[in-house]
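Only this structure's heavy atoms are used, side chains among them; waters, hydrogens and symmetry mates stay out. Only a predicted model underlies this, so the values are computations on that prediction, with no experimental measurement involved. Here is how names work: the chains are called A, B, and so on, in the same order as the sequence lines, proteins then strands, and each is numbered from 1.
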Amino acid sequence: MTSATFPASEPQPSWTRYFSFNTDAKVIGIQYIVVSFFFFLIGGLLAMIIRGELITPEADLVDRTVYNGIYTMHGTIMLFLFIFPVLNGLNNLLIPTMIGAPDMAFPRLNAVAFWLVPIFGGLLIASFFVPGGPAYSGWWSYPPVSIQNPLGHLVSGQGLWLTAVALSGVSSIMGAVNFVTTIIRMRAPGMGLFRMPVFCWTALAAQSLQLIGLPALTGGAVMLLFDLVAGTSFYRPEGGGDPVLYQHFFWFYSHPAVYVIILPVFGVFSELFPVYSRKPLFGYVYVALASFIIVGLGLVVWVHHMFPSGVAQWMRNLFMVTTMLIAVPTGVKVFAWLGTLWRGKLRLTTPMLFCLGGLFNFVFAGITGIMLATVPVDIHVSNTYFVVGHFHYVIYGAAVMGVFAAIYHWFPKFIGRMPYEGLGKLHFLLTFVGANLNFLPMHPLGLMGMPRRVSSYDPEFAFWNVMASLGAFLLGVSIIPFLLNMVSSWVRGPKATHNPWNAIGLEWLLPSPPPEDNFGEHVPTVISRPYGYGTGEPLVENQEAIERALTLQEARA
Amino acid sequence: MTSSPPRLRALPLIGVTLWVGLLVLASVWMSRQAYRWLPVQASTAAPLVDGLFSFETGVGTFVFLGVISVMVWVVLMHRADKYDETDAEPIEGNTRLEVVWTAIPLVLVMAIAAYAIRVNTSLGVLGPMEHIHLHNSVEAQGGYPGDRLPAEGIEVIARQWSWEFRYPDAGVSSTELHLAVDQPVTFRLVSEDVIHGFYIPAFRLKQDVIPGTAINFNLTPTREGRYRLRDSQFSGTWFAANQADVVVESRDAHSAWLKQAAAQPLQPGLNVAAAEYAVRSKKSKAGWATVPPAPPPQVNVPGSDRLLHDA
Amino acid sequence: MTTALPSSPQGHGHAHGEAEHENHSLTGFIIFLCSESVIFLAFFSGFALLKTSAINWLPAGVEGLEWRMPLLNTVVLVSSSGTIWLAEILKARGSLWGFRVLWLLTMALGAYFLYGQAVEWSGLSFGFTSGVFGGTFYLLTGFHGLHVATGVLLMTLMLIKSFIPGNYDRGEQGVQATSLFWHFVDVIWIILFVLIYVWQRH
Ligand code: HEA
Ligand code: HEA
Ligand code: CUA
Ligand SMILES: [Cu+2]
């Protein structure tokens with residue numbers, strides 16, 4: 001094996017490639033992330049309208065039909081157009097570079113999967129403008145409400161919604177096939193499964209869940225679409241159908257979907273805690289395997305979203321126990337992170353702050369999740385703001401914070417410039433305070449009995465709603481330093497070296513930004529486990545030579 | 001490595017023990033607080049549910065504070081010095097620790113699960129959660145085992161967007177639910193259009209009302225007062241306004257109410273949706289499309305939505 | 001799948017970004033099929049659930065399904081799995097023409113199945129919107145039929161490609177994938193047949 005030599009800095013590729021059908025995973029990754037944040041702003045704007053309406057008890061800001069459409073679109077956009085695409089963006093950037101592959105296994109399929117996102121995104125947004133307005137039956141789209149079709153037109157907001165969700169499924173399946181194949185078949189020499197970074201483990205686990213879960217949702221959605229437009233009665237009681245059947249299809253996917261969201265974020269935590277505490281990941285093997293235990297359990301808990309639907313007692317008990325068992329592998333991870341931090345040399349950089357804040361929120365959300373898992377308590381708080389509080393804590397408080405951490409951490413690698421620390425820390429502070437102020441009050445509201453999805457409520461709920469709305473507006477402000485930071489450091493941030501955080505990993509042995517085919521023909525051979533902080537063991541053969549070449553190249557530029 | 005004097009090595013142990021003791025105290029305190037976050041207890045189910053919730057709050061507080069104290073500790077004590085670029089001591093793992101922290105959550109959640117299953121069973125015995133049989137069963141047809149026949153059977157009809165309560169024995173119908181305190185009651189829940197949710201927070205009980213099936217549901221109110229019944233499963237445009245009052249009164253007052261109600265003529269029941277819809281139809285640009293509300297049910301007692309309620 | 005050994009260190013000399021990796025395609029396709037099977041699983045379990053809980057399963061005036069013609073169809077489809085298997089063997093033995101003949105025979109059997117399905121559909125007294133029974137019947141058979149049609153289409157493509165000189169130089173993953181898909185469609189049909197035609201009593 002000869003030591004790696006890199007071509008002297010390549011000509012800067014044109015920025016227009018981000019607007020083209022490019023097959024480079026790194027370009028696609030950035031496309032995913034930018035597009036998803038565009039939709040995040042739209043989803044966030046809708047959230048601001050929601051909180052604006054709910055700052056007073058009466059339905060006064062918008063009409064009730066508008067409120068229902070807006071919360072439905074908020075949930076749908078945030079999940080299908082923000083969080084899934086943004087995570088796929090991270091997958092695209094990180095999987096090939098972390099395993100030393102030149103690209104995805106199927107680069108063209110990858111590009112198609114990405115370009116479907118703006119297409120179905122446009123379709124979904126277009127539904128705001130069809131007669132009658134967008135879908136209004138929540139992101140669950142439970143029949144019979146979702147098949148009532150008040151105007152009776154063939155093209156309805158609900159129909160567009162279903163089409164968009166189905167296309168999103170197609171795109172995600174394409175992505176999943178690609179990611180799984182890539183991870184299984186394209187790892188660098190020497191990188192056995194147990195030398196793979198945890199992010200790849202969690203991505204593999206999450207994408208397996210997509211492969212198993214999504215078809216069920218697609219099947220259920222196809223039947224719903226037929227009920228809506230073709231007059232079938234799969235879910236219509238009048239024709240002998242069963243509306244609860246849809247709920248099973250929906251949650252068989254949509255519960256695992258929450259682990260599709262959180263697993264890669266666990267991956268991010270597992271990557272970043274070692275870097276910023278200068279210690280190996282504690283119990284690497286357990287952390288890696290726990291992901292797959294979560295996959296297994298995650299597939300058999302979906303009924304916990306249906307406890308009040310009238311399921312048999314034995315089923316309630318069974319699904320309660322399986323749900324609660326998830327606390328065990330999750331606990332293994334949480335404690336492993338604490339073990340990593342323990343006696344480390346912590347650096348409270350922006351990404352580290354987001355990880356710590358995210359972990360804080362996650363543990364809180366996990367505990368409310370356990371409360372929801374127990375049937376008697378869930379019966380009381382199901383479909384109340386307690387649930388809304390639970391999942392915003394985990395989705396915004398943990399997952400989105402984890403995504404921010406990842407963006408700040410890997411920005412230098414893939415953009416080649418450093419983000420500003422001051423703005424980053426301000427962003428963190430506003431986000432952490434805003435999220436807690438926004439989502440904590442939802443718990444007392446739910447316990448008191450305030451249902452979710454309401455456009456008006458009894459006056460006794462006013463106080464906590466005002467708090468939540470103020471928190472929401474603070475969150476709305478929090479996004480400004482982030483956008484400012486991203487734009488200004490992308491344009492004129494200081495140039496990043498190949499390894500500004502002094503991190504261990506194949507991606508940090510590439511120039512920043514990496515060349516189009518990453519290592520090309522010179523994939524280094526991996527000779528040790530990841531996260532060798534403090535052990536002094538090199539990760540790959542000829543590591544010193546590679547680093548020297550990179551430093552030399554940076555000095556020349 | 002030279003061993004430090006025993007007194008110094010005992011210090012961390014004492015510190016940790018003290019700290020754990022403090023956390024336990026805090027958790028017990030929080031579990032007491034938990035009751036205050038919930039509405040008044042107005043049914044036999046409520047104390048059971050609240051007890052479980054309080055226990056979970058205690059366990060949850062302990063776990064949360066435990067994790068957070070470690071985080072706070074490392075952030076305060078284990079920070080790298082400003083110009084320290086070195087790595088920390090590479091501890092890769094510890095199998096004994098792994099086993100311990102797999103076992104502790106396992107034990108904790110199994111304890112919660114056991115408690116919850118017991119509450120489930122008690123609730124079943126009390127009535128609320130046992131007799132939910134779908135399709136064809138005797139109960140779904142309106143029958144009920146003779147040995148536990150409750151005093152009163154009430155039919156609950158959910159619509160877009162109003163609740164109607166029928167008392168077949170007394171020949172009364174109402175849009176305000178009246179119950180006698182400490183008297184078991186059986187509801188027969190039916191929906192005429194979409195799925196609704198029968199939810200009375202003060203009773204801690206909730207059951208979806210599924211079109212196409214009749215669901216039997218039992219409960220026993222234990223506290224006199226006026227409570228809110230809220231639709232808990234999204235049912236369309238006026239979902240938020242689909243509420244009703246639940247009046248729990250003494251047995252005498254209840255039979256007096258039934259008698260008086262039976263004498264009253266039928267009139268349109270309380271229906272916020274129909275009223276708002278009428279106003280809305282006059283506007284030219286009202287909003288997005290909606291299913292029109294079902295006409296208000298004809299009832300003896302319409303009730304009011306302006307009265308103060310306890311929970 | 002080997003765990004310790006990396007699977008792709010060799011042969012990384014080609015230009016990336018353009019050529020899809022032939023040797024990864026089969027892996028990807030198998031993963032896709034696993035995923036695809038879940039959608040059938042969803043339909044099957046939906047069918048079973050709706051059927052066991054329905055009060056009136058069959059629409060008024062419908063006695064049940066005629067099973068003789070579908071049975072013949074089943075035999076046709078199952079034997080086509082055999083012919084496609086033989087085709088692959090012949091190909092491995094180097095007999096390209098033998099492969100083409102059997103491949104064509106498989107296509108004919110598949111087309112016959114579709115024809116039989118169409119004949120059956122046109123003779124039925126109930127439609128897609130005749131309650132849950134009609135809905136699930138047409139959904140299941142239709143969705144499966146779509147797969148059969150896709151299979152025939154894929155085979156046509158492979159047959160045409162077999163005339164391109166040098167087509168098999170870089171492996172024969174297309175043929176392998178198509179044949180895998182065909183077996184998959186076949187297995188699904190057998191389950192479907194049992195579910196719909198054999199399990200008729202309610
Ligand atoms: C990323 C998303 C995410 C994640 C990770 C989770 C994680 C969990 N969720 Fe949550 N959940 C959602 C997103 C998520 N959820 C969403 C979006 C909804 C609502 C959807 C809708 O209705 O619109 C929802 C709703 C929801 C419900 C349904 C409520 C209802 O509608 O009535 C339930 C019920 O069981 C539940 C439970 C749980 C549990 C037990 C976990 C567990 O995985 C949590 C495990 C973690 C911990 C427990 C903390 C760490 C562990 C330790 C420190 C060990 C020690 C701990 C103990 C001993 C307790 N969730
Ligand atoms: C990834 C998922 C995700 C994310 C990030 C969020 C983020 C937020 N969500 Fe939501 N939410 C859901 C997923 C998510 N949500 C889901 C699935 C539901 C359930 C839907 C259903 O019931 O069907 C829901 C429901 C939901 C409700 C309940 C509605 C109801 O039941 O009636 C509320 C109420 O407060 C709410 C609030 C918020 C707020 C304040 C934020 C904030 O964090 C948002 C912060 C926003 C920003 C930081 C951006 C601010 C933008 C601007 C200030 C404008 C600039 C705009 C332009 C230039 C175009 N969300
Ligand atoms: Cu994969 Cu070359
Ligand atoms: Cu769930």
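With a 4.5 Å cut-off on non-hydrogen atoms, A:N149 does not touch chain B at all. Only the backbone of A:S277 comes within contact range of chain B, judged by heavy atoms closer than 4.5 Å. The parts of B:L38 that come within reach of chain A are both its backbone and its side chain, each placing non-hydrogen atoms under 4.5 angstrom from that chain. Contacts between B:F239 and chain A at a heavy-atom distance below 4.5 Å involve the side chain alone, from C-beta outward. Heavy atoms of A:Y533 lying under 4.5 Å from chain B belong to its backbone as well as its side chain. For chain B, the nearby part of A:Q247 is the side chain; its heavy atoms alone come within less than 4.5 Å. Contacts between B:Y199 and chain A at a heavy-atom distance below 4.5 Å involve the side chain alone, from C-beta outward. Of the atoms belonging to B:N94, heavy atoms from both backbone and side chain fall under 4.5 Å from chain A. Interface remark: A:P143 contributes backbone atoms only to the contact with chain B (heavy atom separation under 4.5 Å).
A donor and an acceptor atom, one from each side chain of A:S137 and A:S146, are nowhere located under 3.5 Å apart.
In terms of non-hydrogen atom pairs under 4.5 Å with chain A, the most contact-rich of B:P39, B:A80, B:G197, B:P201 is B:A80. Annotation: maximal heavy-atom pairing with chain A below 4.5 Å, among B:W37, B:W101, B:F64, occurs at B:W101. Of the listed residues (B:M77, B:R280, B:R230, B:Q160), the greatest number of heavy-atom pairs within a distance under 4.5 Å of chain A belongs to B:R230.
For the pair A:R347 and A:W501, the cation does not sit on the ring face, since its NZ or CZ is not both under 6.0 Å from the ring centre and inside 45° of the axis.
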